[in-house]
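Since the structure comes first, as structure tokens, the remarks are kept for the end.
These numbers come from the heavy atoms of this one structure, side chains and all, not from hydrogens, waters or symmetry mates.
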Amino acid sequence: MPKCYPTHPTGGSHRFGGHDGRKDSFPEETGMIQRLSRYFLPTLREDPAEAELPSHRLLVRGGFIRPVGSGIYSLLPLGQRLVARVEGILREEMNRAGGLEVSLPVTQPAELWKESGRWDAVGPEMLRFRDRGGRDMCLAMTHEETIVDLVRRDVKSYRQLPLLLYQIQTKFRDEPRSRGGLIRVREFTMKDAYSFHDSEDSLEEYYRRMYDTYERIFERCGLETIVVESDPGMMGGKIAHEFIAPSPFGEDTVIRCSSCNYSANRQVARFRRETPPSEDCLPLEEVATPNCETIEEVAAFLGVPKSRTAKAVFFHGKKTGLVFGILRGDYEVNETLLAAALKEPNLRPAHPEEILASGAVPGYASPIGVRGATVVADPSVVEVPNLVSGANREGFHLKNVNCPRDFQPDLVAEIAAADAGLACVECGHQLEAVRGIEVGNIFKLGTRYSAAMNACYQDASGKEHPFIMGCYGIGSGRVAATIVEQHHDKDGILFPLSVAPFSLIVVPAKPGAEPEAEEKVENTLKSLAAEVLWDDRDLRAGVRFKDADLIGIPYRITIGRRAKDGIVEIRKRDTGEVEEVSFENLGDHIATLLRD
RNA sequence: CGGGCCGUAGCGCAGUUGGUAGCGCACCUGCUUUGGGAGCAGGGGGUCGGAGGUUCAAGUCCUCCCGGCCCGACCA
């Protein structure tokens with residue numbers, strides 16, 4: 001018999017980037033039954049040593065992903081199917097919202113980034129290199145510049161607006177610290193969308209639409225999320241929201257009110273300061289406080305509550321120079337709020353020499369007598385009388401410091417970080433803190449990029465205006481990993497049906513032992529067009545049950561003991577409940593299960 | 001970029017006062033097993049992260065470098 005090579009059913013390599021299912025959820029494979037003996041599923045019996053997060057552990061162990069370098073992963077067939085399912089949902093919902101799919105390059109010339117000003121503004125997280133002609137290039141970490149360039153060339157009239165374009169594309173950010181498997185990587189795939197408008201109202205309409213679309217997307221993915229106000233950061237927008245999936249291993253902290261619906265990323269969260277005690281201003285007094293360099297030590301030494309002390313924090317801004325922040329001793333500074341108050345994009349902790357040069361003494365610092373620093377005071381120190389503060393002299397503090405009698409801040413702004421237990425800025429009720437993973441974000445960009453890059457349309461009177469823009473991102477790999485974070489147990493993953501790489505796994509207790517039963521089940525599944533993994537491996541049933549549990553396929557059909565009576569078992573992965581179903585009822589039964 | 005831990009077979013690990021490399025799982029062969037990670041027998045697989053040094057002799061001691069993980073700084 002001549003050896004022949006099967007033609008690949010999908011033909012050619014139309015999926016570039018490797019992570020980019022261009023079709024919705026494998027339609028060409030609908031109804032497929034994949035023999036596990038012919039699949040590539042290297043599961044591990046033991047947890048990989050370096051993995052800490054459940055999703056990292058389970059995705060490596062379950063044969064979904066393998067590490068290639070720091071923050072760089074390959075997707076194996078099962079992982080690729082998982083991500084493709086997530087991306088299928090993203091694509092369906094973006095299309096439903098009126099989005100048009102495009103594909104922008106990952107490798108980009110520096111010119112576009114120089115036009116927007118981000119070539120210099122963005123730090124080492126952008127990977128830069130030169131091509132053979134010596135031209136500056138970079139790997140895209142986001143695509144505002146490219147999309148603006150695309151649109152400005154061919155969209156000239158308000159009649160072409162609004163326009164919503166999106167892509168599902170690889171991005172590269174050279175994170176200083178990648179971690180947690182697919183949760184925080186350097187190379188990742190993201191659904192990013194950009195909208196173009198001729199009015200704020202139109203932007204608002206689309207922003208709202210994307211907000212609703214995101215809620216649908218995460219619900220379909222089986223993810224619980226909290227929507228919060230967020231910091232526009234380097235995107236330079238005005239209004240932004242993040243979708244945070246609660247998880248004990250999340251890197252973001254959501255501050256939210258348990259009474260009203262206030263919620264915000266801790267980076268921008270506000271809170272209501274307590275009403276300050278009303279006291280007469282007492283005379284300033286210097287007291288010796290040897291070896292009291294922290295608020296705890298000073299408060300304990302002098303026997304005053306921390307809330308009656310003032311804490312000094314020092315930063316250095318590129319534009320501002322030395323920044324002296326002062327807030328109530330029991331609060332923590334929020335660097336994001338401080339930077340925003342100063343309109344200072346580049347804030348870093350100050351070096352000791354810089355602090356000393358201003359006349360302030362670290363550990364014993366107060367704004368009194370400090371020169372050459374921008375003093376930013378939180379309202380808490382402005383309102384509270386008779387505070388304990390440093391004397392700018394080693395080993396001494398001042399009692400009864402009062403603002404503005406003793407010092408006059410250059411700026412009064414809320415720079416204290418909100419935290420659990422403080423009062424809600426809206427209703428005064430207690431705030432709570434929740435850890436979570438940011439799975440999506442939406443920004444109102446305004447004209448930040450269109451103005452810088454001279455991307456304009458003409459209005460009805462022929463006048464030119466820069467596009468008003470919004471942008472909307474969801475990391476597909478991160479969503480996949482977050483689903484695992486929210487859906488697993490001690491035995492493995494519990495995929496929601498909507499994103500499961502396969503809907504069903506068939507495990508014959510002894511493959512080949514009941515050929516008629518296997519054939520009946522196979523024909524039934526084919527007629528249902530279900531996506532099925534069929535575990536025909538020559539392994540003990542127990543091993544295959546363990547693997548089935550590990551990889552989280554929602555339903556398992558076991559062909560076993562009662563096959564000769566015309567009965568198989570259907571086991572639900574998440575509840576473990578088992579039903580016995582006859583061959584005659586199998587089709588209807590599974591159809592019902594897969595419909596929900 | 002700072003602090004901590006760690007690099008030995010595909011995975012998980014052991015390796016004593018320095019003496020020429022091991023265990024479990026996985027893999028290959030055979031037999032027995034077969035509904036929750038089987039048993040026996042045989043077998044393959046290692047530049048011990050890399051470079052330099054000390055030594056008669058280095059997985060082990062010293063120096064430098066590289067990589068990984070965790071915490072922090074940073075970031076969306």
Pairing partner (Watson-Crick or G-U wobble, both distances under 3.5 angstrom) of [N]:
N	answer
B/G42	B/C28
B/G7	B/C66
B/C23	B/G12
B/A58	none
B/C74	none
B/U33	none

Using the [atom1] atom on both, measure [N] against [M] and round to a whole Å.
N	M	atom1	result
B/C6	B/G15	P	12 Å
B/G49	B/G12	P	14 Å
B/C23	B/A9	C1'	12 Å
B/C1	B/C48	C1'	31 Å
B/G22	B/U60	C1'	15 Å
B/A26	B/U17	P	33 Å
B/C71	B/A57	C1'	41 Å
B/U34	B/A21	P	41 Å

Gap between atoms [atom1] and [atom2], on [X] and [N] respectively (whole Å):
X	N	atom1	atom2	answer
A/L44	B/C13	CG	P	12 Å
A/E332	B/G72	CD	P	14 Å
A/Q267	B/A76	CD	P	8 Å
A/M141	B/C74	CE	C1'	12 Å
A/I183	B/C70	CD1	P	12 Å
A/L338	B/C74	CG	C1'	16 Å
A/R561	B/G35	CZ	C1'	5 Å
A/E175	B/G68	CD	P	14 Å

Any donor-acceptor N/O pair under 3.5 Å between B/G35 base and A/R544 side chain: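 There is none.
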Reckon [X] touches a base, only the sugar-phosphate, or nothing at all at heavy-atom distances under 4.0 Å?
X	result
A/E569	base
A/R186	nothing
A/K510	sugar-phosphate
A/R571	base
A/A49	sugar-phosphate
A/G180	sugar-phosphate
A/D491	nothing
A/E251	nothing

field: Phosphate OP1/OP2 of B/G68 contacted by A/S70 side-chain N/O (<4.0 Å)
entry: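 Yes.
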Let's see if you can work this out: which of [options] has an atom nearest to the side-chain heavy atoms of [X]?
X	options	answer
A/R173	B/A76, B/G35, B/C75	B/A76
A/A541	B/G35, B/C74, B/A76	B/G35
A/T558	B/G35, B/U34, B/C69	B/G35

Note: [X]-[Y] ion pair, threshold 4.0 Å (strictly below):
X	Y	value
A/K311	A/E332	yes
A/K114	A/D120	no
A/R35	A/E518	no
A/E144	A/R118	yes
A/K444	A/E204	yes
A/D212	A/R208	yes

- prompt: Is there a donor-acceptor pair closer than 3.5 Å between any side-chain N or O of A/D489 and the backbone N or O of A/G492?
  reply: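 Yes, the answer is positive, given that a donor and an acceptor are paired below the 3.5 Å cut-off.
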query: Is the side chain of A/R556 donor-acceptor paired with the backbone N or O of A/R573 at a distance under 3.5 Å, no angle test?
result: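 Side chain of A/R556 to backbone of A/R573: no pair is present.
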query: Tell me, for nucleotides 23-33 of chain B in 5' to 3' order, what letter each nucleotide earns: B for a base near a protein heavy atom under 4.0 Å, S for only sugar-phosphate near one, - for neither?
result: -BSS------B
query: If you round to the nearest 0.5 Å, how far is NE2 of A/H56 from CD1 of A/I183?
result: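 NE2 of A/H56 is found 10.0 Å from CD1 of A/I183.
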message: Heavy-atom nearest nucleotide on RNA chain B for A/G542 versus A/L53: which residue maps closer to 5'?
response: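 The residue closer to the strand's 5' end, by nearest nucleotide, is A/G542.
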- prompt: In terms of the nearest nucleotide of RNA chain B, which residue is placed more toward the 5' end: A/R556 or A/H56?
  reply: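 The 5'-side residue here is A/R556.
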Aromatic ring pairing A/H241/A/Y207, orientation class (parallel under 30°, perpendicular over 60°, tilted between):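 Tilted: the ring planes of A/H241 and A/Y207 meet at 30° to 60°.
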